[in-house]
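Residue numbers start at 1 and run along the sequence shown. Side-chain atoms are counted along with the backbone in the values below, which use heavy atoms only and exclude waters and symmetry mates.
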Amino acid sequence: MYTATLLCNPARPVLEPALIESLRNAWGGDEAVWLALGAAAEFPLKQMPDNRWDVWTDLQGMGVDLVIQPSAGRKKKMLLADMDSTMIQQECIDELAEEAGVGARVKDITARAMNGELDFEGALVERVGLLKGLPETVITKVLEERITLMPGGKQLLATMKADGAYAALVSGGFTAFTAQVAAELGFDENRANTLLTKDGKLTGEAGRPILGREAKVEALEQISARLGIAEADVIAVGDGANDLGMLKRAGAGVALHAKPSVAAECDIRINHGDLTALLYVQGYAQDEFKG
């Protein structure tokens, strides 16, 4: 059995009952259930529809995301999340670069790296080098003035943790940011790179080894083994090329507002919903949300 989930941006609920019913009838699905009126609904299917991606494309034009996945095991025991442009709405290194006066240059490198056009480690080393001499206090300034949480994050963490799930934040960014974001959202642990400092200023170097794509896969392997759960019990979420390893290995890999080249390799693509989409695809209804 499969479950088809349709959802949209909860701030602009556009899901109509007629749309759900027409799709359910076309695919021979069973009775639909509303998870959030106007924002999320699901119905069971006996088989995967042949025109799944054609319908997905049509729905994208309507502001609706469609996810079809096996019904068994949808509710996960662990959340593994990227941070930049996933749990927060910014790229931390880009915001630091703005303060250093090299914003445009760094943003270009970031975009190309996240799209898979550049080697992640080389791109990180180059960008961090451009921050040399920046006062360490700028990190606090950026956290306070430039960083905002992605909508739905608090509900995602609180709801999954209330159900006994474990949550890990794994970033190619920096511990100075992941520590605060993890604490604010309620992650159980966080892993990231370290910005090296000396005499109160950034040295332009990151601690070694650099945490990139493989480090995220290792986190999935290590943490699931430590918890005694299968990788199939993990839902992972990210947006960049360095997230693809963990997205493909996890039981559910969610490309959230991802770069097109990344989304193309994932079966769960959320372009309109916020982080509560990760709850809806697991079968949680809005009235079950915490936080």
*Do the side chains of K76 and I229 get nearer than 4.5 Å, heavy atoms only?*
no
_Greater than 12 external heavy atoms within 6.0 Å of E145's CD_ = yes
*Spacing of CD1 belonging to I147 relative to CD1 belonging to I88, to within rounding of 0.5 Å*: 4.5 Å
*Quick one: CD1 on I223 to CG on L220, what's the gap to the nearest 0.5 Å?*
8.0 Å
*Pairwise distance CD1(I139) to CG(L134) - rounded to 0.5 angstrom*: 8.0 Å
_I need the L80 CG to R191 CZ distance, nearest 0.5 Å._
9.0 Å
*Minimal non-hydrogen separation, G38 against C8, with atom names*: O-SG, 3.5 Å
*Kindly work out whether a path of hydrophobic side-chain contacts (I/L/V/M/F/W/Y, heavy atoms less than 4.5 Å apart) joins I20 to V33.*
no
*Step by step, work out the side chain to side chain contact (heavy atoms under 4.5 Å, CB included) result for L19 and M62.*
CA-CA 11 Å; L19 172 63; M62 301 167 63; 3.9 Å; yes
*Would you check, one step at a time, whether the test side chain to side chain contact (heavy atoms under 4.5 Å, CB included) holds for N190 with V170?*
CA-CA 6 Å; N190 70 93; V170 184; over 6 Å; no
*Report yes if the side chains of F187 and L79 come closer than 4.5 Å at any heavy-atom pair, otherwise no.*
yes
*Do the side chains of V181 and T178 get nearer than 4.5 Å, heavy atoms only?*
no
*Same hydrophobic cluster for M160 and M83, using side-chain heavy-atom links shorter than 4.5 Å among ILVMFWY?*
yes
*Determine whether D82 and L256 make a side-chain contact, defined as any pair of heavy atoms from C-beta on separated by less than 4.5 Å.*
no
*Apply the side-chain contact (heavy atoms from CB on, under 4.5 Å) test between I268 and each candidate in I68, V67, L66; give the one that qualifies.*
V67
*So, the side chain of T194 versus the backbone of L196: is there a donor-acceptor pair under 3.5 Å, distance only?*
no
_Donor-acceptor pair, distance only, cut-off 3.5 Å: does the side chain of T3 make one with the backbone of Q69?_
no
*How far apart are the closest heavy atoms of R269 and A264, and which atoms are they?*
NH2-O, 3.3 Å
*asked:* K259 and side chain to side chain donor-acceptor pair (under 3.5 Å): which single residue from N115, D239, D243 fits?
replied: D239
Just list the side-chain donor-acceptor pairs under 3.5 Å for residues 231-238, sequence neighbours left out, or say none.
from: E231; atom 1: OE1; to: R249; atom 2: NE; distance (Å): 3.0
from: E231; atom 1: OE1; to: R249; atom 2: NH2; distance (Å): 3.4
from: E231; atom 1: OE2; to: R249; atom 2: NH2; distance (Å): 2.9
from: D233; atom 1: OD2; to: A230; atom 2: N; distance (Å): 3.1

*Short N-O contact, K216 and E214, less than 4.0 angstrom*: no
*Take F177 and L96 through the test side chain to side chain contact (heavy atoms under 4.5 Å, CB included) and record every step on the way to the result.*
CA-CA 11 Å; F177 293 92; L96 288 172; 3.8 Å; yes
*Which pairs, with at least one residue in residues 156-168 and sequence neighbours excluded, count as a salt bridge (charged side-chain N to carboxylate O under 4.0 Å, His left out)?*
K161-D188
*When you look at L149 and E184, which way does the side chain to side chain contact (heavy atoms under 4.5 Å, CB included) test go after all the steps?*
CA-CA 9 Å; L149 298 175; E184 190 168 351; 3.6 Å; yes
*Are the side chains of L244 and C266 in touch, meaning some heavy atoms are under 4.5 Å apart?*
yes
_Distance check, rounded to the nearest 0.5 Å: L35 atom CG versus Q282 atom CD?_
11.5 Å
*What residues form a salt bridge (charged side-chain N to carboxylate O under 4.0 Å, His left out) with D58, not counting sequence neighbours?*
none
*Write out all pairs satisfying ring pair (Phe, Tyr, Trp, His ring centres under 6.0 Å) with one or both partners inside residues 1-36, taking only residues at least two apart or from two chains.*
none
*So which pairs with a foot in residues 41-56 pass salt bridge (charged side-chain N to carboxylate O under 4.0 Å, His left out), sequence neighbours left out?*
E42-R74
*Selection residues 91-103 - residue pairs positive for side-chain hydrogen bond (donor to acceptor under 3.5 Å, both in side chains), sequence neighbours left out*: S85-E91, D94-T110, E95-R146, E98-K107, E99-K141, E99-R146
*Parallel, tilted or perpendicular for W53 and W56, by the 30°/60° rule?*
perpendicular
*Output yes when E189 and R226 qualify as a salt bridge under the 4.0 Å nitrogen-oxygen rule, no when they do not.*
yes
*Approximate separation, where rounding is to 0.5 Å, of L275 CG and T86 OG1*: 7.5 Å
*asked:* Donor-acceptor check, side chain of T159 to backbone of L156, threshold 3.5 angstrom: yes or no?
replied: no
*asked:* Please check: side-chain N/O of S224 versus main-chain N/O of E221, any donor-acceptor pairing under 3.5 Å?
replied: yes
_Are the side chains of S171 and L211 in contact, using a 4.5 Å heavy-atom criterion?_
no
*asked:* If you count every heavy atom of other residues, nucleotides or ligands that lies below 6.0 Å from K201 atom NZ, does the total exceed 12?
replied: no
*Is there a path of hydrophobic side-chain contacts, each under 4.5 Å between heavy atoms of I, L, V, M, F, W or Y residues, that connects M246 with I210?*
no
*Go through the structure and list residues passing side chain to side chain donor-acceptor pair (under 3.5 Å) with R12, not counting sequence neighbours.*
none
*D274: partners by salt bridge (charged side-chain N to carboxylate O under 4.0 Å, His left out), with sequence neighbours left out*: none
_Nearest atoms (heavy-atom pairs only) where A277 meets L7_ = CB-CD1, 3.8 Å
*Counting only N and O atoms by type, is there a donor-acceptor contact under 3.5 Å from the side chain of K75 to the main-chain atoms of A72?*
no
_Has E21 got a side-chain atom pairing as donor or acceptor with A18's backbone, closer than 3.5 angstrom?_
no
*asked:* Give me each pair satisfying ring pair (Phe, Tyr, Trp, His ring centres under 6.0 Å) with a member in residues 255-291, each pair once, sequence neighbours excluded.
replied: Y280-F289
*asked:* Checking E265 now: which residues fulfil salt bridge (charged side-chain N to carboxylate O under 4.0 Å, His left out) with it, not counting sequence neighbours?
replied: K248
*Are any of the side-chain heavy atoms of L37 and L15 separated by less than 4.5 Å?*
no
*Non-neighbouring partners of D108 that pass salt bridge (charged side-chain N to carboxylate O under 4.0 Å, His left out), sequence neighbours left out*: R112
*So do L59 and L6 actually touch side chain to side chain, heavy atoms under 4.5 Å?*
yes
_same_hphob_cluster(V142, L130) at 4.5 Å side-chain heavy-atom cutoff_ = yes
*Does any pair with a residue in residues 126-138 pass salt bridge (charged side-chain N to carboxylate O under 4.0 Å, His left out), and if so which ones, sequence neighbours excluded?*
none
*Side-chain (D65) to main-chain (I270) donor-acceptor, under 3.5 angstrom*: no
*With distance as the sole test, does D30 use its side chain to make a donor-acceptor pair with the main-chain N or O of P44 at under 3.5 Å?*
no
